[in-house]
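To keep things clear, I will list the structure first and then write my remarks on it.
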Amino acid sequence: MKVLTRGTAKIKSLTDRKDKKSLQLCGQDIYVLGMMIALISFLGFLVENLWLALTKGYINNRNMNAPFLLGYGMLVVAMYFMFGTPEEISLPRRMRKKETRYRRYAVYFLWAMLFVCIGEIVLGTVVEKLCGIEYWNYSRIPLHITKYTSIPTSAAFASMITLFMGRFFHPILRFLSKIDERVLKVLGVTLCLIMLWDFVVSFAVMIRKKSFYLKWKILLR
């Protein structure tokens, strides 16, 4: 399996499967990629429910049947394909002379923050148009940009993305790449099919009923 190293335009190997041809996307084994998307989507589900637990005292299914929020996985992996990780990102010309790790992380954080802002506005607007509901509303938060995004929330998400990409992304890739190839294929394909099926079915319900898809809710206080 090969991984494209952004910024240096080099390809480096994370596994010893040189004698086997695997399906790849932008230099990445698609089955490892599927597993990574599933993992990040699951973490997104946990993060949102943690926020609900702390702020509202309950958790719920987050409009899905399975514990995966596909948008998180797609967003983070898209960030990887476009910018790599904080250690690999290319700095603007003016910053290259004084290139430091801090500057790399700062630039990556800003790109992640922009990605989150755009993603939230697009997703929130589309859901409102199709389902007739407000997926969320940040109007009460200072420095909000439309009701679907704000500087504080985007900065929080961007911080988590930057930390994850800087500290955990490559170690997780290396761990996943060590899984038996047949097991990896089954898990990767199965999880991706489950997430896609669940995304389509859940949003179909929301579009038809014009309301949130609340399947379960657990009160914590």
Side-chain angles (χ1 to χ4, degrees), residues 1-6 12-17 22-54 59-89 105 108-109 111-113 115-116 119-120 123 153-154 156-203 213 215-216:
M1 180 186 70
K2 305 286 187 178
V3 171
L4 177 62
T5 304
R6 309 295 301 187
K12 62 181 180 180
S13 175
L14 290 182
T15 71
D16 296 326
R17 299 174 186 170
S22 61
L23 295 176
Q24 297 189 353
L25 178 63
C26 296
Q28 177 66 276
D29 186 296
I30 63 169
Y31 302 112
V32 172
L33 179 61
M35 290 289 291
M36 181 64 78
I37 291 174
L39 174 61
I40 298 171
S41 298
F42 177 68
L43 291 176
F45 179 85
L46 294 181
V47 167
E48 289 207 0
N49 268 307
L50 177 61
W51 175 254
L52 282 180
L54 294 175
I59 60 175
N60 63 28
N61 62 298
R62 306 309 299 139
N63 299 302
M64 297 289 143
N65 293 291
F68 301 101
L69 296 181
L70 186 57
Y72 283 85
M74 297 301 292
L75 174 68
V76 174
V77 171
M79 282 284 298
Y80 174 67
F81 284 140
M82 294 187 69
F83 308 111
T85 65
E87 296 291 347
E88 301 163 342
I89 191 172
Y105 272 79
Y108 199 92
F109 168 81
W111 277 117
M113 191 169 173
F115 251 57
V116 171
E120 285 191 317
L123 178 60
T153 54
S154 294
F157 279 120
S159 296
M160 288 188 287
I161 292 172
T162 303
L163 175 63
F164 179 83
M165 296 301 287
R167 297 289 185 179
F168 305 108
F169 192 84
H170 278 313
I172 292 174
L173 279 185
R174 286 191 288 270
F175 171 78
L176 293 176
S177 70
K178 295 177 182 178
I179 299 176
D180 180 80
E181 189 172 8
R182 290 169 295 183
V183 175
L184 190 64
K185 286 182 179 180
V186 173
L187 287 176
V189 172
T190 300
L191 289 173
C192 284
L193 288 177
I194 289 174
M195 290 188 294
L196 287 173
W197 170 84
D198 191 29
F199 181 85
V200 172
V201 170
S202 299
F203 269 90
Y213 179 37
K215 190 173 183 180
W216 58 265

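No hydrogens, no waters, no symmetry mates; every other heavy atom, side chains included, goes into these values.
Every residue two or more places apart in sequence or in another chain that forms a side-chain contact (heavy atoms from CB on, under 4.5 Å) with Val183 is listed here: Ile179, Asp180, Leu187. Partners of Phe199 under the ring pair (Phe, Tyr, Trp, His ring centres under 6.0 Å) rule, at least two apart in sequence or in another chain, are Phe203. Considering only residues two or more places apart in sequence or on other chains, Phe115 meets the ring pair (Phe, Tyr, Trp, His ring centres under 6.0 Å) condition with Phe83. Residues meeting the side chain to side chain donor-acceptor pair (under 3.5 Å) test with Tyr72, sequence neighbours left out: Glu48. Val186 is linked by a side-chain contact (heavy atoms from CB on, under 4.5 Å) to Thr190, counting only residues two or more places apart in sequence or in another chain. Scanning for side chain to side chain donor-acceptor pair (under 3.5 Å) contacts around Asn60 gives Arg62, with sequence neighbours left out. Here Phe169 pairs with Tyr80 under the ring pair (Phe, Tyr, Trp, His ring centres under 6.0 Å) rule; sequence neighbours left out. Residues that satisfy the side-chain contact (heavy atoms from CB on, under 4.5 Å) test with Leu123, not counting sequence neighbours, are Val127, Tyr135, Trp136. Remark: Ala156 engages no residue in a side-chain contact (heavy atoms from CB on, under 4.5 Å) (not counting sequence neighbours). Not a single side chain to side chain donor-acceptor pair (under 3.5 Å) links Thr162 to another residue, sequence neighbours left out.
Counting heavy atoms from C-beta on, the side chains of Leu52 and Asn49 come closer than 4.5 Å. Leu39 has its side chain out of reach of Leu176: every pair of non-hydrogen atoms, C-beta onward, lies at least 4.5 Å apart. In this structure the side chain of Tyr105 never reaches within 4.5 angstrom of the side chain of Leu163, judged on heavy atoms. Proximity of Ser154 to Val116: side-chain heavy atoms (C-beta onward) are separated by under 4.5 Å at one or more points. Between Ile37 and Leu70, the closest side-chain pair of non-hydrogen atoms falls below 4.5 Å.
Relative orientation of the Phe42 and Phe45 rings is parallel, given thresholds of 30° and 60° on the angle between their planes.
Between the CG atom in Asn63 and the NZ atom in Lys215 there is a gap of 12.5 Å [rounded to 0.5 Å]. Atom OG1 of residue Thr85 and atom CD1 of residue Ile161 lie 14.0 Å apart, to the nearest 0.5 angstrom. Taking CG of Asp29 as the reference point, atom CD of Glu181 lies at 7.0 Å (rounded to 0.5 Å). With rounding to the nearest 0.5 angstrom, the CG atom of Leu33 is 8.0 Å from the CD1 atom of Ile30.
The closest donor-acceptor contact from the side chain of Asn65 to the backbone of Asp198 lies at 3.5 Å or more, if one exists at all. Asn61 places a side-chain N or O within 3.5 Å of a backbone atom of Tyr213 that can act as its donor or acceptor partner.
In terms of heavy-atom proximity, Leu184 sits nearest to Met35 at CD1-CG, 3.7 Å. Across all non-hydrogen atoms, the minimal contact from Ser159 to Phe109 is OG-CE1, 3.4 Å. Summarising the geometry of Cys192 relative to Gly34, their closest heavy-atom pair is SG-CA, 3.6 Å, with the distance given to 0.1 Å.
Atom CE of Met74 has 12 or fewer neighbouring heavy atoms from other residues, nucleotides or ligands inside a 6.0 Å radius.
Applying the salt bridge (charged side-chain N to carboxylate O under 4.0 Å, His left out) definition to pairs two or more places apart or across chains, none involves residues 156-170.
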